[in-house]
Number of protein chains: 2
Amino acid sequence: MSYKEKKVLPIGSVSELTGLSLRKIRYYEERGLILPERSGGGTRKFSFNDVEKLMDIANQIEDGMQTFEIKKMYKKDKQKDKGKIRDEMIRGQLNAAFKMSK
Amino acid sequence: MSYKEKKVLPIGSVSELTGLSLRKIRYYEERGLILPERSGGGTRKFSFNDVEKLMDIANQIEDGMQTFEIKKMYKKDKQKDKGKIRDEMIRGQLNAAFKMSK
DNA sequence: CGTGTAAGGAATTCTGACACG
DNA sequence: CGTGTAAGGAATTCTGACACG
């Protein structure tokens, strides 16, 4: 297993790397978008993969997507289901295009 | 800059990854063998490169090398000086061989 | 729904020192 | 010299809640 998958970063480092507030990061976990591990004492430990995922999430949130939609996308992404996901993909792109047009 | 160089790991994670005690890690920093960054509040932040370096250091210590020698080696290593370093290289190997022969 | 914030507590980390050897 | 440990304090993180919208 490479470094990118190791769950070792504290939430403070993740916040600095992503630019997201601690509140946002915890909330995205609460919604099941990311799954950090926990130390014996209960503190969250993230991987660099989580960091990358969070940056993607941040973009999708900016595009007006909702957490449950994003979560669905990741689920579909995993099972490589090219069907229903299309709606969200297109919706995401439309939102992005709309945003840029302003 | 890749993930390996990012100073983001707390000392606890480094301790788990390397198997070294917090005391040892702090001591090796005190001797100048590693240079973690500090957060605003003063907590150490290490990189995966530091983790790798610490595992090397641990081996050299096991081989009976002293911290100041190890430090010299890293200095020489940087300036690619192939001269005096030889003593320590050989000494390290001899110590290792000696240890295995037991 | 997504996010900020104040609140109280618990886990993590920090430093300087004493101990042993 | 290298490392363990107890000590007291400071920084970091945790959760549940109230607020706004």
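No hydrogens, no waters, no symmetry mates; every other heavy atom, side chains included, goes into these values. Quick note on labels: first sequence line is chain A, next is B, and so on, each numbered from 1.
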(message) With heavy-atom distances below 4.5 Å as the criterion, would you say the side chains of B:Ile70 and B:Tyr28 are in contact?
(response) no
(message) So, does A:Tyr28 get its side chain near the phosphate of C:dG2, meaning an N or O under 4.0 Å from OP1 or OP2?
(response) no
(message) Please name the nucleotide paired to D:dT5 by Watson-Crick or G-U wobble geometry with both distances under 3.5 Å, or report none.
(response) C:dA17
(message) What is the separation between atom CD on B:Glu29 and atom P on C:dG16, rounded to the nearest whole Å?
(response) 12 Å
(request) Rounded off to whole Å, could you give me the CD1-to-C1' distance for the A:Ile25 and C:dG2 pair? (result) 14 Å
(request) Have a look at A:Leu22 and say if it touches a base, only the backbone sugar-phosphate, or nothing, with a 4.0 Å heavy-atom cut-off. (result) nothing
(message) Nearest whole Å is fine: how far is D:dT13 C1' from A:Glu30 CD?
(response) 16 Å
(request) Applying salt bridge (Lys or Arg N to Asp or Glu O under 4.0 Å), run through A:Arg44 and A:Glu30 and close with a yes or a no. (result) CA-CA 12 Å; A:Arg44 275 167 270 248; A:Glu30 185 184 319; over 6 Å; no
(request) Indicate, with a heavy-atom threshold strictly under 4.0 Å, whether B:Arg26 touches base, sugar-phosphate, or nothing. (result) base
(request) To the nearest Å, give me how far apart CD1 (A:Ile34) and C1' (C:dG2) are. (result) 14 Å
(message) Whole angstroms only, please: what is the CG-P distance between B:Leu33 and D:dT3?
(response) 10 Å
(message) Could you check whether A:Glu29 pairs with A:Arg38 (Lys NZ or Arg NE/NH1/NH2 to Asp/Glu carboxylate O, under 4.0 Å)?
(response) yes
(request) Round to a whole Å and report the spacing from CD1 of B:Ile61 to P of D:dG4. (result) 12 Å
(request) Would you please confirm or rule out a distance under 4.0 Å between OP1 or OP2 of D:dT12 and any side-chain N or O of A:Thr43? (result) no
(message) From C-beta outward on B:Pro10, which listed nucleotide comes closest to its side chain: C:dT13, C:dT12, C:dT15?
(response) C:dT13
(request) Evaluate the side-chain proximity of B:Phe48 to B:Lys6: yes if any heavy-atom separation is below 4.5 Å, no if none is. (result) no
(request) Return the value, rounded to whole Å, for the distance between atom NZ of A:Lys71 and atom P of C:dG2. (result) 12 Å
(request) Only one of A:Lys7, A:Glu37, A:Glu52 passes side chain to side chain contact (heavy atoms under 4.5 Å, CB included) with A:Ser47; say which it is. (result) A:Lys7
(request) Look at the side-chain heavy atoms of Ile, Leu, Val, Met, Phe, Trp and Tyr, link any pair under 4.5 Å apart, and say whether B:Phe68 and B:Ile57 land in one connected group. (result) no
(request) Using atom CZ of A:Arg38 as one end and atom P of D:dT12 as the other, report the distance to the nearest whole Å. (result) 19 Å
(message) Using OP1 and OP2 only, check whether a side-chain N or O of B:Arg44 sits under 4.0 Å from C:dT13.
(response) no
(message) Check the phosphate of D:dT3 against B:Tyr27, side-chain N and O only, distance under 4.0 Å to OP1 or OP2. Yes or no?
(response) no
Under 3.5 Å, which protein N or O atoms sit close to an N or O of nucleotides 17-20 of chain D? Give each pair with its distance.
none

(request) Please answer: with hydrophobic residues joined when any side-chain heavy atoms are less than 4.5 Å apart, are A:Tyr74 and A:Val51 in the same cluster? (result) yes
(message) Assuming nearest nucleotide by heavy-atom distance, tell me which of A:Ser39 and A:Phe68 is located more 5' along DNA chain C.
(response) A:Phe68
(request) Just compare D:dT13, C:dG4, C:dG2 and give me whichever is closest to any side-chain atom of A:Ile11. (result) D:dT13
